[in-house]
Amino acid sequence: MPRTDYPVLDGNGDIIVAWPHDPAWTRPERPAERDPGPDYPVFDGNGQVIIAVPYGGYGSEVEPFVPEMLDTYVVPDMPSLPPQMLPNPALDDPAAWVVANGWTLNGDGTATHNTATGQYSRIAIPNADMGDATDVVLTFDIPAQTSNNWSLGCRARLLSTPANASNDGMWNGLITRSGDAGPSTRAQVSHVWNRVPGQTQLVLEAGNNWAGTIANPRLYDVSAARELPTLVVVVAGQSNAEAYGAALADPTLDAWHPNLWMCPPNGYGGGVYGAKANTVTVAQEPLLHNLSPGHRAGFAMPAAKRIVSLADGGIRVVIVPVAKSGTGMIGSDAPWNPDSTATGDNDRYTIMVNTYLAARSQITNHIGTIMLWSGNEYDMQVANGVGLLPAAWANFAARARADMGVPDMPIIISGPVYLQDDPLNPLITVQRTLDQDSGSPNAIAGVTYLDGPMGAQWVNPGDTVHWSTAANRIRGDFAGQWAYRIGQERGWWV
């Protein structure tokens with residue numbers, strides 16, 4: 001007979017089942033949480049783990065992050081900057097800023113350099129306490145520049161013995177592009193690395209032909225960022241992957257951060273954007289994608305900021321910027337064709353692979369690689385471009401993953417200008433079919449397609465091809481959210 005220790009009653013109050021009471025039974029303890037590991041692995045054909053979903057303990061499964069495109073761009077929460085290390089950053093104390101060779105302290109928190117000396121000239125900073133820092137960044141504004149676009153500009157240097165030549169060829173100056181009202185006013189970032197404790201003599205150095213004014217200098221130790229787990233973000237495609245919005249980089253919205261680094265394929269104009277070819281350094285806008293860069297704010301930095309923010313500041317992102325305006329994927333001489341006959345700066349595929357491998361060789365704590373793509377507008381000018389693009393993309397994805405040594409590399413395609421649904425941009429139609437979840441025969445594993453914001457308000461005035469700067473920030477942020485979700489699924493972070 002059923003006992004009435006734990007009865008279940010029917011609607012009339014009669015017992016329909018009862019479980020006997022066991023006085024020896026005790027509730028089992030929940031398993032303790034443990035570090036992430038390959039508890040639920042997915043293997044490739046060689047038996048290697050390609051995805052390992054970490055076990056977080058009883059009832060602690062991580063809910064997938066759900067990306068949501070912003071209506072208005074807001075800089076995501078980022079880790080605070082390290083402490084500022086200059087004892088007197090106001091540029092008004094001759095004891096703190098020892099000027100020579102054409103420099104003048106103006107008494108208003110600025111300093112001006114003229115070109116009369118015809119040589120590199122320096123402001124010595126004798127009291128900067130850099131401690132054991134191996135990587136330091138000196139930031140400063142250039143409110144005025146009277147020399148031409150191609151003069152070298154300014155930079156931080158370490159002069160002490162042993163010598164530090166890490167940032168040779170890296171200058172920060174203003175470039176005013178044709179059609180611009182003026183240069184960007186965002187902070188200049190001058191990175192010096194490989195510092196050893198004996199290198200204590202910090203200077204601010206002006207190029208021999210540079211004339212202008214600097215203000216608001218700040219010095220930061222960014223050594224800790226180099227040691228963080230590092231995600232590499234390869235940014236490829238055409239002008240919409242680069243920086244062709246009409247508005248200039250904004251000092252707040254497009255600011256630098258110690259967790260955001262870059263590895264460009266080339267320098268530019270004597271190094272005026274503070275970048276060195278195939279060298280991993282702290283990033284600043286505009287990123288140098290090629291030998292004729294777009295000069296403005298693209299979608300890569302907003303994407304990287306969002307990834308760092310969602311990862312609670314626990315990672316570094318190294319951007320590999322390799323896009324170029326007017327480059328396609330279809331045809332024997334197409335710059336993004338892995339077997340292209342293109343040469344020089346137009347051989348974008350080879351440049352992408354080589355720049356990525358250079359970046360990886362400088363990263364010891366790599367956690368993953370992801371590609372952000374925005375392009376193929378040029379391919380729509382090719383006869384039957386819509387029909388040929390899926391095969392070209394399948395070849396590009398397979399070859400890039402193999403040649404870069406990342407066989408499961410995720411690729412996010414950020415779509416072209418999206419003016420309306422009817423008629424729909426044919427490039428949107430075909431790129432949507434490349435998404436791994438599209439259900440199309442064109443679908444490519446590991447490829448995610450994202451529409452951008454819809455409407456003419458998101459393109460440059462009088463332009464039907466290029467996203468505006470505001471749109472670049474929003475779609476970059478959205479791509480960063482998806483990159484974070486993909487990384488979460490792959491166990492790059494918890």
Side-chain angles (χ1 to χ4, degrees), residues 36-55 62 64-65 67 229-237 241 263 300 303-304 306-308 310-311 315-320 322 329 336 338 349-350 352-375 390-414 431-450 479-494:
D39 301 287
Y40 302 101
V42 177
F43 298 95
D44 63 14
N46 299 317
Q48 300 297 310
V49 176
I50 56 175
I51 303 175
V53 181
Y55 170 71
V62 177
F65 174 78
T230 298
L231 173 72
V232 180
V233 176
V234 179
V235 181
C263 185
R306 178 59 70 179
I307 297 168
V308 169
L310 289 170
I315 65 169
R316 175 179 66 150
V317 172
V318 172
I319 302 167
V320 177
V322 290
M329 191 180 283
W336 293 106
Y349 180 84
T350 300
M352 173 187 71
V353 172
N354 290 342
T355 309
Y356 171 74
L357 294 177
R360 279 288 289 112
S361 71
Q362 300 164 64
I363 299 168
T364 58
N365 41 11
H366 176 250
I367 57 173
T369 297
I370 194 166
M371 180 185 292
L372 303 185
W373 172 278
S374 185
W393 245 106
N395 181 51
F396 171 80
R399 288 285 300 277
R401 288 164 169 163
D403 293 342
M404 294 164 66
V406 192
D408 62 341
M409 178 175 66
I411 301 173
I412 295 176
I413 300 175
S414 186
Q431 283 188 336
R432 284 177 176 174
T433 69
L434 303 176
D435 187 286
Q436 63 181 357
D437 297 322
S438 68
S440 167
N442 299 336
I444 302 172
V447 169
T448 300
Y449 172 82
L450 305 177
Q481 293 182 48
W482 273 98
Y484 174 80
R485 173 176 174 143
I486 291 168
Q488 183 185 59
E489 293 170 346
R490 293 184 175 222
W492 294 346
W493 39 74
V494 178

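If you read the sequence from its start, that first residue is 1, and numbering goes on from there.
- R306 meets the salt bridge (Lys or Arg N to Asp or Glu O under 4.0 Å) test with D477; sequence neighbours excluded.
- Listed by chain and residue number, I307, I370, I412 satisfy the side chain to side chain contact (heavy atoms under 4.5 Å, CB included) test with A483 (two or more places apart in sequence, or in another chain).
- The side chain to side chain donor-acceptor pair (under 3.5 Å) pairs that include a residue from residues 438-450 are T433-N442, Y449-D451, where partners are two or more places apart or lie in different chains.
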Full working for side chain to side chain contact (heavy atoms under 4.5 Å, CB included) between W492 and I315: CA-CA 10 Å; W492 294 346; I315 65 169; over 6 Å; no
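- Residues passing the side chain to side chain contact (heavy atoms under 4.5 Å, CB included) test with T350, sequence neighbours excluded: D347, N354.
- Every side chain to side chain contact (heavy atoms under 4.5 Å, CB included) that A303 has, sequence neighbours left out, goes to L372.
- Taking all atoms of both residues into account, the shortest heavy-atom contact from T355 to C263 is CG2-O, 3.2 Å.
- Between L357 atom CG and M352 atom CE the span is 9.5 Å, to the nearest 0.5 Å.
- The shortest heavy-atom contact between V320 and Y356 is CG1-N, 4.1 Å.
- N365 pairs by the side-chain hydrogen bond (donor to acceptor under 3.5 Å, both in side chains) definition with T230, not counting sequence neighbours.
- Atoms OG and NE2, from S361 and H366 in turn, are 12.0 Å apart once rounded to the nearest 0.5 Å.
- Expressed to the nearest 0.5 Å, how far CG of L310 lies from CH2 of W493 amounts to 9.0 Å.
- Proximity of a side-chain donor or acceptor of Q436 to a complementary backbone N or O of G446 within less than 3.5 Å is detected.
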For residues 392-405, please give each side-chain donor-acceptor pair under 3.5 Å, one per line with the distance, not counting sequence neighbours.
unit_1	atom_1	unit_2	atom_2	d
W393	NE1	N376	OD1	2.9
R399	NH1	D339	OD1	3.1
R399	NH1	D339	OD2	3.1
R399	NH2	D339	OD1	3.3
R401	NE	M409	O	2.9
R401	NH1	A445	O	3.1
R401	NH2	M409	O	2.9
R401	NH2	A445	O	2.9
D403	OD2	Y349	OH	2.6

